[in-house]
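Report on the structure given below.
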2 protein chains.
Amino acid sequence: MLATTSSLKRIKIAKSVDDPCFPIACSDCGIYNLCKAVGGEADLSLLNTLVKNRRTYKRGEHLFSVGEPYRAVFAIRTGSVETSVLTDDGRVQVTGFHIAGELMGLNSFVANRYNCEARALETTSVCEVPFERYEELVKTIPGLQHQMLKIMSMEINHHQEMMLLLGKKRAEERLASFLLNLSRRLKCHGQSDSELKLSMSRSDIGNYLGLAEETVCRVISRFEEESLISTQRRIVRLNNLDRLQAISKGIPANPK
Amino acid sequence: MLATTSSLKRIKIAKSVDDPCFPIACSDCGIYNLCKAVGGEADLSLLNTLVKNRRTYKRGEHLFSVGEPYRAVFAIRTGSVETSVLTDDGRVQVTGFHIAGELMGLNSFVANRYNCEARALETTSVCEVPFERYEELVKTIPGLQHQMLKIMSMEINHHQEMMLLLGKKRAEERLASFLLNLSRRLKCHGQSDSELKLSMSRSDIGNYLGLAEETVCRVISRFEEESLISTQRRIVRLNNLDRLQAISKGIPANPK
DNA sequence: CGTATCCTTGATGCCTCTCAAGACGGGTGG
DNA sequence: CCACCCGTCTTGAGAGGCATCAAGGATACG
């Protein structure tokens with residue numbers, strides 16, 4: 001079997017793509033869940049081979065770079081990954097953080113080359129599903145491409161939210177949105193939604209949110225002053241999810 | 001036939017999805033091209049029915065709104081459309097402008113409801129391909145879903161560029177990027193790439209680019225002072241594409 | 001235990017927003 | 001055909017949020 005009973009017990013399983021956690025929650029890695037969702041009768045031996053194709057990246061190592069020929073889709077087992085795009089003059093925009101259980105690199109597969117950079121934020125273990133095997137899977141499992149559309153559709157939704165954040169929100173709203181988003185995704189893995197262990201630096205967060213590193217620090221300090229969160233370096237504890245939610249939506253301060 | 005010989009002569013046809021103009025350039029409307037690209041042997045009578053499903057929207061009219069059940073994918077024949085998303089507190093972020101020949105509304109089809117608003121910027125004629133018929137097409141034409149993946153992949157690329165623009169670029173870089181992008185897309189239709197007729201207001205542009213309406217005006221004025229462009233209300237003439245390109249990439253002013 | 005990296009806080013300045021007022025142009029009705 | 005009106009565009013003045021520059025402190029790692 002792909003997942004032991006124990007791991008199945010520990011981790012919430014997304015039953016279908018309509019589950020808000022899909023494709024985040026999974027038993028062993030995202031690709032298993034992806035396949036499971038579309039065809040219970042899938043060739044399990046093939047699947048087994050695919051998900052056994054594991055690899056570990058050290059902090060800072062690149063999973064892939066811009067323009068590199070498409071190699072595989074990645075399902076993160078443990079650790080986390082940062083994706084980014086570049087301007088011609090060398091500026092970098094972080095486009096996303098991907099945590100354990102999530103799929104990555106799907107969106108560039110049609111173009112045959114990667115459209116962004118992916119860098120491990122910490123020691124990260126992934127299942128790499130090679131491109132060619134993926135094609136096999138698509139033939140074997142009729143609904144698979146539809147699932148991929150769904151995942152890409154979710155990604156587009158997220159991008160739209162990011163455009164809104166970058167285009168319209170103020171610093172505090174951005175950081176609150178960021179923390180809540182991470183919290184929600186961690187919760188989908190059965191992890192705590194109020195005690196976050198950030199794997200990225202303040203600088204990375206700032207880059208992602210279109211803010212300077214210093215601004216991120218200042219907002220974090222401000223949140224801590226108001227007891228909305230408690231921090232200790234990269235450990236962040238969310239003490240008031242409701243208030244953070246309000247802030248993220250741009251609802252002005254309402255003292256008591 | 002779907003397109004008369006005369007119209008075929010007038011307009012450049014994108015031969016495959018690898019054409020940089022795809023899915024922009026098309027003979028009659030995008031959906032025809034989409035189908036043609038994936039299967040020359042497609043059921044033309046079905047296709048014919050689909051593309052005949054035309055409708056015209058007046059300026060300001062909504063093609064669809066957020067949360068509305070998914071109805072159709074839209075191929076714009078003439079005119080232009082603006083898409084936008086909303087914050088909970090009512091702020092609006094324009095996420096894109098769609099011009100004649102482009103496909104729209106593909107990305108929300110998997111979710112069964114629209115994830116954004118679409119509003120006609122001017123009198124706009126579209127082919128509406130109903131959801132159910134689309135499903136038929138998918139069954140008839142094996143490669144169709146792959147093409148959809150490709151289109152969504154392109155959309156994701158564009159979103160990444162927008163995130164970079166909104167997160168890292170300064171006002172002048174944003175506007176230069178915007179003008180050049182529009183120019184490129186118009187060129188794909190055989191229209192002039194240096195004489196643009198904007199269908200959106202300064203306010204719309206500002207919203208899209210994460211700028212205030214006044215800032216857009218000021219930057220336009222500055223560009224005009226430097227003879228990079230000439231404007232007359234919504235008519236914009238690009239006089240120096242190279243310089244605009246340089247500005248859009250953040251290359252600092254280099255006065256001779 | 002030294003060093004590099006990351007985090008934090010302060011001071012200063014600038015880019016862009018906001019508020020405001022006027023100009024321009026297109027559309028409409030008399 | 002003209003005059004009016006309203007939406008859009010433009011420009012100015014002022015304010016403010018955030019970036020930048022700078023320096024010190026904390027933590028992790030070899």
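All chains are named by letter (A, B, ...) in the order of the sequence lines, taking the proteins before the strands, and each is independently numbered beginning at 1.
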To the side chain of [X], which of [options] is closest?
{"X": "A:Leu211", "options": "D:dT8, C:dA20, D:dC18", "answer": "D:dC18"}
{"X": "B:Cys217", "options": "C:dC17, D:dA19, D:dC9", "answer": "D:dC9"}
{"X": "A:Ser201", "options": "D:dG12, C:dC7, D:dC18", "answer": "C:dC7"}

Taking any heavy-atom pair under 4.0 Å as a contact, classify [X]: base, sugar-phosphate, or nothing.
{"X": "B:Ile220", "value": "nothing"}
{"X": "B:Arg218", "value": "base"}
{"X": "A:Gly206", "value": "nothing"}
{"X": "B:Arg234", "value": "sugar-phosphate"}

query = For DNA chain D, whose closest nucleotide is more 5', that of A:Glu213 or that of A:Gln232?
reply = A:Glu213
task = Look at the rings of B:Tyr114 and B:Phe64 and say which category their plane angle falls in: under 30° parallel, 30 to 60° tilted, over 60° perpendicular.
result =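 Judged by the thresholds at 30° and 60°, the geometry between B:Tyr114 and B:Phe64 is parallel.
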Rounded to the nearest Å, what distance is computed from the [atom1] atom of residue [X] to the [atom2] atom of nucleotide [N]?
{"X": "B:Asp204", "N": "D:dC9", "atom1": "CG", "atom2": "P", "answer": "8 Å"}
{"X": "A:Arg233", "N": "D:dT27", "atom1": "CZ", "atom2": "C1'", "answer": "4 Å"}
{"X": "A:Leu121", "N": "D:dA28", "atom1": "CG", "atom2": "C1'", "answer": "17 Å"}
{"X": "A:Ile235", "N": "D:dT27", "atom1": "CD1", "atom2": "P", "answer": "12 Å"}
{"X": "B:Asn207", "N": "C:dC17", "atom1": "CG", "atom2": "C1'", "answer": "14 Å"}
{"X": "B:Ile205", "N": "D:dT8", "atom1": "CD1", "atom2": "C1'", "answer": "12 Å"}
{"X": "A:Lys168", "N": "C:dC17", "atom1": "NZ", "atom2": "P", "answer": "9 Å"}
{"X": "B:Met200", "N": "D:dC9", "atom1": "CE", "atom2": "C1'", "answer": "16 Å"}

task = Return no unless some side-chain N or O of B:Ser203 is found under 4.0 Å from OP1 or OP2 of D:dT8.
result =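 No, because none of the side-chain N or O atoms of B:Ser203 sits under 4.0 Å from OP1 or OP2 of D:dT8.
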ask   = Between B:Arg202 and D:dT10, is there a side-chain N or O to OP1/OP2 distance below 4.0 Å?
value = yes
task = Report, as yes or no, whether the 6.0 Å neighbourhood of atom CZ on A:Arg234 holds more than 12 heavy atoms from other residues, nucleotides or ligands.
result = yes
ask   = Judged by modelled atom types alone, do B:Ser177 and B:Lys169 share a side-chain donor-acceptor pair under 3.5 Å?
value = yes
ask   = Can B:Ser125 and B:Arg77 be counted as having a side-chain donor-acceptor contact under 3.5 angstrom?
value =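 B:Ser125 vs B:Arg77: donor-acceptor pair found between side chains.
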ask   = Roughly how far apart are A:Lys249 NZ and A:Ile247 CD1, rounded to 0.5 Å?
value =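 Answer for the NZ-CD1 pair, A:Lys249 versus A:Ile247, is 12.5 Å.
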